[in-house]
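A short write-up of the structure that comes next.
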Amino acid sequence: MTRRSDQRGVALLTMLLIAAIATTLIMVIIERQARVQRELAGQMQQDQIAEYNRGAVLFAMAALRADARDGTTVDHPGEAWAQPFPAYPVPGGMIRPALRDAQARFNLNSLIKGGNVNATALAVYRRLLAQLLLPPELADSLVDWLDSDREPFGAGGAEDDYYLGRQPAYRSANRALSTYGELRLVRGYNSTVMRTLAPWVVVLPASASKINVNFLTPGLLEALVPGLAPSAAVELLQRRPLDGWPTVAAFLDNPVFNGVSSEIRQQLQDMLAVESGYFELYTRIRFGDRERLQWSLIARHDNNGRLEVIANERNPAWVPEFEPIPESVADKKKEEGE
Ligand SMILES: [Ca+2]
Ligand SMILES: [Ca+2]
């Protein structure tokens, strides 16, 4: 009797053990399947987000193409492409693009022109750094990062000798920046500097050294014109004509510039423009429970108006103010006043 109950006990234990192993196995299989499904869903979401971003780019390009077709060469904030775009629903989510002029900030790559230091641009950058209470040496180290030689420039310069002594060691790029993020590698550009500087500068090809006066902010105008009082800069930009200044000469005709030397006036004439060749597209993409911000840089070639995306980034260092995506379709209708 005892023996039989012992046997029964062992059999029960074995069965329990088998059941436990089977359960574990099933759990593992279910977990693995769930993971595969999550990965697939994640991948599909990625693909979908990329697809929606491509859609926003096409939308922006259509707006820029229409702008080029209207025959005027002046680009200003009153034009159709520069107006806020509505948020629009897409399968599984909603997107909102915002198209901005990219030539109203200081192009960091303009510090080097034709292989040499661009003295005018350097002076503007130094004034901008001073305005932002950032160390002046940041201009020197950036010149060295961009210039092709290996001679340190100025007091804060840094070439291979400096970077090879870092942990881990690397070399100076000795060519134009390709992204704003690359600046992190340059001597002195820590995260505080990067955050402070981001709203004021842009990374465009070195040839795009002109600044569109019709999108200019008072802060950059101050950096462009030595001795210009902040209040005078604000006042001048408040008087921007509705259709923008038609020419750089019309802009410089303003009495504010009366006291400016002919040398500075000539420099401004060379540095300013009333049209833009580069545009930034910021797109908020809500898909499922995620929200993404995509950035694309679009070039418009002057000779034929051809448009080209020359850079893309997810979560750029700086995002201009623009409307959020409404929480739901109902909110969207409210926004539209339905
Ligand atoms: Ca160099
Ligand atoms: Ca150098």
Side-chain angles (χ1 to χ4, degrees), residues 102-211 219-220 222-226 263-264 266-268 270-273 277-278 280 295 297 299 308 310-313 316-318:
Q103 278 181 267
R105 288 181 280 150
F106 179 79
N107 178 11
L108 293 170
N109 283 328
S110 70
L111 286 173
I112 300 293
K113 193 178 180 183
N116 299 308
V117 175
N118 178 348
T120 311
L122 180 61
V124 172
Y125 190 47
R126 282 188 171 144
R127 283 194 292 270
L128 182 64
L129 291 172
Q131 268 169 241
L132 300 174
L133 307 176
L134 293 174
E137 300 82 44
L138 290 171
D140 300 342
S141 57
L142 183 54
V143 163
D144 277 336
W145 189 259
L146 304 172
D147 75 10
S148 56
D149 68 44
R150 287 172 169 76
E151 289 300 311
F153 180 83
E159 291 282 0
D160 283 354
D161 283 349
Y162 174 81
Y163 298 110
L164 288 173
R166 308 274 295 171
Q167 272 308 329
Y170 53 96
R171 285 176 187 275
S172 173
N174 292 336
R175 57 172 181 77
L177 292 167
S178 41
T179 64
Y180 182 71
E182 187 189 327
L183 208 54
R184 271 188 203 98
L185 296 171
V186 182
R187 181 183 188 178
Y189 287 80
N190 59 34
S191 53
T192 312
V193 170
M194 298 281 291
R195 260 198 314 277
T196 311
L197 204 54
W200 299 92
V201 300
V202 64
V203 170
L204 298 178
S207 57
S209 55
K210 300 224 175 189
I211 291 169
L220 192 59
E222 255 182 88
L224 284 166
V225 188
E263 190 197 347
I264 295 287
Q266 186 54 53
Q267 286 174 4
L268 289 170
D270 295 342
M271 244 188 309
L272 301 176
Y278 293 87
E280 289 175 301
W295 169 87
L297 182 64
E308 188 187 2
I310 55 170
N312 279 299
E313 211 180 340
W318 177 75

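Both ligands and their constituent atoms are indexed starting at 1 by order of listing. The first residue in the sequence is number 1, and the count goes up from there. The model shown is predicted, which means the values in this text are computed figures rather than measured ones.
The closest donor-acceptor contact from the side chain of Q103 to the backbone of K210 lies under 3.5 Å.
Nearest to the Ca ion (ligand 2), among the N, O or S atoms that E159 has, is OE2. The Ca ion (ligand 2) is closest to atom O of E151 (considering only N, O or S atoms). The name of the N, O or S atom in D149 nearest to the Ca ion (ligand 1) is O.
The number of heavy atoms from other shown groups lying within 6.0 Å of CD (E151) does not exceed 12.
What you find for L177 and V203 is that their closest heavy atoms are O-CG1, 3.5 Å. Smallest separation of non-hydrogen atoms from E159 and D149: OE2-O, 3.0 Å.
Centred on the Ca ion (ligand 1), the O atom of D144 and the OD1 atom of D147 lie at an angle of 90°, reported to 10°.
Ring pair W145/Y163: centre-to-centre distance below 6.0 Å.
Residue contacts to the Ca ion (ligand 1): S148 brings no N, O or S atom closer than 3.0 Å.
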